[in-house]
Number of protein chains: 2
Amino acid sequence: MAKAAATVHGQRTPCQQCPLRSLPHFREFDRDELNFVSGFKKGELLVDAGATIFLEGAHSAHLFTILSGWGFRYKTLEDGRRQILNYVMPGDLIGLQGSIMGEMQHSTEALSPISLCVFERTELMTLYNSHPSLAYDLTWIASREERILDEHLLSIGRRSALERAAYLIAYLHQRARALRLFNGSKTIPIRQQHVADTLGLSVVHTNKTLKKLAARKLLFWHERGCEVLDGEGLAELAGWDGLDSVRRPFI
Amino acid sequence: MAKAAATVHGQRTPCQQCPLRSLPHFREFDRDELNFVSGFKKGELLVDAGATIFLEGAHSAHLFTILSGWGFRYKTLEDGRRQILNYVMPGDLIGLQGSIMGEMQHSTEALSPISLCVFERTELMTLYNSHPSLAYDLTWIASREERILDEHLLSIGRRSALERAAYLIAYLHQRARALRLFNGSKTIPIRQQHVADTLGLSVVHTNKTLKKLAARKLLFWHERGCEVLDGEGLAELAGWDGLDSVRRPFI
DNA sequence: CGACCGCTTGAGAAACCTCAATCTGCGTGG
DNA sequence: CCACGCAGATTGAGGTTTCTCAAGCGGTCG
């Protein structure tokens, strides 16, 4: 686990040509905002699948936006029990909590190779001083994460194992689809252990639960992860309304 | 339930004399910040115990800061299963998620009589434009909520019923103590039903779990709620490090 | 006094867990 | 090319946790 492999790239895609910007999922930036973000960006970073990007307790000097790849945030108890808090995908800003409040209180790990845009924590205040609209976006981003965590909490606390699993897969599927991530592989790159650690279940019970979803032809599981057959069916089974479709900002 | 009783008060405590400001728990504001916030504040609102402050799905024109009293945020599934997401106490800003992102996706209810400072959603952008330090504070506040939700998620997902209950009570106790709320009553004003809905347990099992904590002399339960006997013991049982003691902003 | 709310208790059922063994596909070293 | 080892998925058995149902108790309030 936690191979620390990472490569720094000096050369970088200018934000003005960021492939994510063209997605209808994200709000448009004006020229000024784009220029500022471009200057805010210090470089790019490549990280291997399985690598740890942030470790709980660290004081990172950087924050990142995911350019490509999948990852997840998690916390652990002292005896090793792990809880996955949320998943990160392209366009997600990671490390904001640590940058704003000091020490990181959760870890972040790559599920696939990930490329990241690198920002300096120390320049965050400049953003607040010079670009109120981006400052607003940062609050927006934090509020969105909060909202998603609210829904996860509802899920773990009050949904049955079957509903929980359906919700999780539907959630990941919706997010990934909005980002057009299924042009290539159509596969959600997670192990059943990740599902278990997200849902607060054991792997064994998770396996039996996923088999029930597969028996209903809602999804199927293969070597590399999970493939969704019926996202709406999953959402319906979970009693989940889905993510709102408002265009969101990203830095 | 949900008595809609609320009283608007034109007269109001000026923010410069806000009793919360003097608590060491909060960061100090300079004169300029204080003046701005004072102008931002439109009045005060009194709300009865049991009243609903925000209802899921609403588009509120206001956001509030709790001046006094206890409340909680929650979500429900269609069939009525309820999950309490977090508790709100003096100094907490509520309704930010709705103000930033539009529709409210959770409800908020008063546990005790609550007094609120009222702000206008439409003036939020002014804050971002004119007071970067307060804008930063808003992101800080949202990040803090996120961090707390992370911990709750870990708790519900991976802690046993006994650990969960211990964590919850220790958490509420620490927060309330930092706010000097125990000068009067020393009681956390919740029913066992609230504990159950926070921990994702049934009331019956919650009752049995709380009795175990009481048997260990960590707390005791009486007519009006819960009283903590050994906050550190609770935190230790839960394997919880406690809240960080950084002074926090509030608007 | 009677109704109601919240806490308590017991009993049986369901959900979920741990342990342990097996299977599969894949990459590695020989 | 093959044997081996490993990670991840699968299955069964038996145990624990937590749930639901149901009844009872005590205090408060109209």
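Excluded from the calculations below are hydrogen atoms, water molecules and symmetry mates; all remaining heavy atoms, backbone and side chain alike, are included. Protein chains get the first letters and strands the later ones, always in sequence-line order, with residue 1 at the start of each. Just so we're clear, the structure is a prediction, and the values are computed from it rather than from any experiment.
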### Message
Taking B/R175 first and then B/D92, would you say they form a salt bridge - that is, a charged N and a carboxylate O separated by under 4.0 Å?
### Response
yes

### Task
Answer yes or no: is there an ion pair linking B/E151 with B/R159, defined by an N-O contact shorter than 4.0 Å?
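Looking at B/R159 together with B/E151, the answer is yes, because their closest N to O distance falls below 4.0 Å.
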
### Query
How would you label the contact of A/K208 with the nucleic acid (heavy atoms, under 4.0 Å): base, sugar-phosphate, or nothing?
base

### Query
With a non-hydrogen cut-off below 4.0 angstrom, is B/G200 in contact with a base, only sugar-phosphate, or nothing?
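Touches sugar-phosphate only.
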
Which whole-number value in Å describes the distance from [X] [atom1] to [N] [atom2]?
X      : N      : atom1 : atom2 : answer
A/I190 : D/dG8  : CD1   : P     : 13 Å
A/W221 : C/dT24 : CH2   : C1'   : 16 Å
B/D79  : D/dC19 : CG    : C1'   : 15 Å
A/K212 : D/dA9  : NZ    : P     : 18 Å
B/L210 : C/dG6  : CG    : C1'   : 13 Å
B/L162 : D/dT18 : CG    : C1'   : 14 Å
B/Q193 : C/dT8  : CD    : P     : 14 Å
A/R158 : D/dT18 : CZ    : P     : 13 Å

### Estimated bend of the helix from C/dC1-D/dG30 to C/dG30-D/dC1 (axis per five terminal pairs, rounded to 10 degrees)
30°

Closest listed nucleotide, where the reference is the side chain of [X] and the choices are [options]:
X      : options                : answer
A/R191 : C/dT9, D/dG12, D/dA9   : D/dA9
A/S202 : D/dA9, C/dC17, C/dT9   : C/dC17
A/H205 : C/dC17, D/dT10, D/dC19 : C/dC17
B/L201 : D/dC19, C/dC7, D/dT10  : D/dC19
A/A161 : D/dT10, C/dC16, C/dT9  : C/dC16
A/Q192 : D/dT20, C/dC7, D/dT10  : D/dT10
A/V204 : C/dA20, D/dT20, D/dC19 : C/dA20

#### Entry: side chain to side chain donor-acceptor pair (under 3.5 Å) partner of A/D150, the single match among B/Q105, B/Q97, B/H152
B/Q97

### Query
Taking the side chain from A/T198 and the backbone from A/I84, do they hold a donor-acceptor pair closer than 3.5 Å?
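Not a single qualifying donor-acceptor pair exists.
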
#### Entry: Under 3.5 Å: donor-acceptor pair, side chain of A/R158, backbone of B/R81
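No.
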
### A/N207 side chain near D/dT10 phosphate (N/O to OP1/OP2, under 4.0 Å)
yes

### Query
Would you say the side chains of A/N86 and A/E145 form a donor-acceptor pair under 3.5 Å?
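Yes, a side-chain donor-acceptor pair sits under 3.5 Å.
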
### Message
Please identify which of these residues, B/Q83, B/E56, B/E109, meets the side chain to side chain contact (heavy atoms under 4.5 Å, CB included) condition with B/Y74.
### Response
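Among the candidates, only B/E109 passes.
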
### Query
DNA chain C: A/R159 or A/R224, which has the more 5' nearest nucleotide?
A/R159

#### Entry: B/E103 atom CD, neighbour heavy-atom count above 12 within 6.0 Å
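It does: B/E103 CD has more than 12 such atoms within range.
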
